[in-house]
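Below: one structure, written as structure tokens.
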Amino acid sequence: MSTIWDARARLYDVFEASDLRRGPAKAKLFRAVTDRTLFLAIGTGLDIRHLPSAGAAITGLDISGEMLRRCKNRCRPYSGTLNLVQADAESLPFSNDVFDTVATSCTMCSVPDPLRALREIYRVLRPGGRLLMFEHVRSKEPILGIALDLMTLFTRGGGTEMNRDTLANVAIAGFQVVKVESVFLDIILAIHAAK
Amino acid sequence: MRCRGRFSLVWIFAVADLAFLALVAAATTAIMHFAHGLGLSFPLTFLLGMSVAMGLQTLMALAVAPLLGSIESMVPSMIVGMLSPMGVCTLDILGVDHGRGASIWIGMVLGALCYFYLQFYGHLCRRELRRSFTDGGV
């Protein structure tokens, strides 16, 4: 899995560089990041600019060493506390109930077993802690849903599934979904959940 | 000022999305029109036209993805890239004689219609989500 993401790190910024479009929604979502925060699958650090610089001690985690190497450059101008850890989202190297917030950005499309990753998040999040997710999911609109199923046939090899029901998985993992906002149709969602 | 800037950005993306979908639809209908002109059997024409159209729309979506967003461009582009060429095939089945120029115009109209449908669906999604999560959780 890490090999795929090491290879994708080279072009990751090009195809995820639509910050002009998604940036305001990410900034609004990640404004709620506070105290001890785990940013899951931080990638090349594109979202660091949306994280609050004060009041949070952030641990950025990614499975790919190449992603983290690129992320280090984006960490430098960040004035808050931000440490990077290389680890698998499905097996988090942290004790139970240690984080106040967990944030994800297009992560649940990329982990092989999203439910396992969500259960790990549940484990490391303290009771009452917040889960903030910027994720893309399968549309409920039939034609859009079929288009996403077809796209998954091509993107799966590269480690991305376009048609997951992340909102249902969040609930199955035990979280209470507090608020969901549409970023793009019912495909890209800003999800607020609590343990 | 910040609010006005955000408002302008929304309009810029709205125009860019509309122009992109109209362009994809025009290009893919033109391809299908060209395929019909080759004089092959209908299934072969359909297969060839759809394959080239899907390849082209993928390339076009990849080209604009850094600006318009990967999912925001690829998903609508795929829908338009599938439906617009089928419009040409439908006209062919119905025996409607149309030139290349008319095909491109048909494509652009279909692209615009798809854009407005997605805008409408987006509005429904936002309304539904607001309605579902006003009571503090589900």
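A note on names: the letters A, B, ... follow the listed sequences, proteins ahead of strands, and every chain is numbered from 1. Only this structure's heavy atoms are used, side chains among them; waters, hydrogens and symmetry mates stay out.
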### Pairs where residues 19-74 of chain A contributes a residue and the test ring pair (Phe, Tyr, Trp, His ring centres under 6.0 Å) is met, not counting sequence neighbours
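Every ring pair (Phe, Tyr, Trp, His ring centres under 6.0 Å) pair that includes a residue of residues 19-74 of chain A, provided the two are not neighbours, is A/Phe30-A/Phe39.
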
Joint hydrophobic cluster, [X] plus [Y], side-chain heavy atoms closer than 4.5 Å:
X        : Y        : value
B/Met86  : B/Leu91  : no
B/Leu110 : B/Leu21  : no
B/Val96  : B/Trp105 : no
B/Leu59  : B/Phe34  : no
A/Leu84  : A/Ile58  : yes

### Query
If you round to the nearest 0.5 Å, how far is CZ of A/Phe154 from CE of B/Met74?
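So the CE of B/Met74 and the CZ of A/Phe154 are separated by 12.5 Å.
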
### Message
Within this structure, what is the CG-CE distance for the pair A/Leu150 and B/Met82, rounded to the nearest 0.5 Å?
### Response
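Output value for this atom pair is 6.0 Å.
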
### Message
Show every side-chain hydrogen bond (donor to acceptor under 3.5 Å, both in side chains) that has at least one partner inside residues 36-47 of chain B, sequence neighbours left out.
### Response
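Matches after skipping sequence neighbours: B/His36-B/Asp92.
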
### Task
Give the member of A/Glu141, A/Met162, A/Glu181, A/Met151 that has the highest number of heavy-atom pairs under 4.5 Å with chain B.
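Option with the top pair count is A/Glu141.
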
#### Entry: Max heavy-atom pair count under 4.5 Å with chain B, selected residue of A/Ile188, A/Val183, A/Leu148
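Max contact count across the listed options: A/Ile188.
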
### Message
Take a 6.0 Å sphere around OH of A/Tyr78 and say whether it holds more than 12 heavy atoms from other residues, nucleotides or ligands.
### Response
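More than 12 heavy atoms, drawn from other residues, nucleotides or ligands, come within 6.0 Å of this atom.
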
### Query
With clusters built from Ile, Leu, Val, Met, Phe, Trp and Tyr whose side-chain heavy atoms come within less than 4.5 Å, directly or transitively, what are the remaining members of the cluster of B/Leu47, listed by chain and number?
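Cluster partners of B/Leu47: none, it stands alone.
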
### Side chain / backbone / both / neither for B/Ile71 at chain A, heavy atoms under 4.5 Å
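Both parts, heavy atoms under 4.5 Å.
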
### Task
Give the intermediate values and the outcome of side-chain hydrogen bond (donor to acceptor under 3.5 Å, both in side chains) for residues B/Ser70 and A/Arg22.
CA-CA 11 Å; B/Ser70 47; A/Arg22 296 180 189 173; 3.2 Å; yes

### Interface residues of residues 115-128 of chain B facing chain A - heavy atom cut-off under 4.5 Å
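Residues in range: B/Tyr117, B/Leu118, B/Tyr121, B/Gly122, B/Cys125, B/Arg126.
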
### Query
Does A/Arg21 use its side chain to pair, donor to acceptor, with the backbone of B/Leu68 at less than 3.5 Å?
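Looks like yes, one N/O pair under 3.5 Å.
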
#### Entry: Per-residue contact mode, A/Leu144 against chain B (heavy atom under 4.5 angstrom)
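It is both, since atoms from each part get that close.
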
### Query
Below 4.5 Å, heavy atoms only, C-beta onward: do A/Leu189 and B/Leu129 meet side chain to side chain?
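Side-chain contact under 4.5 Å: yes.
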
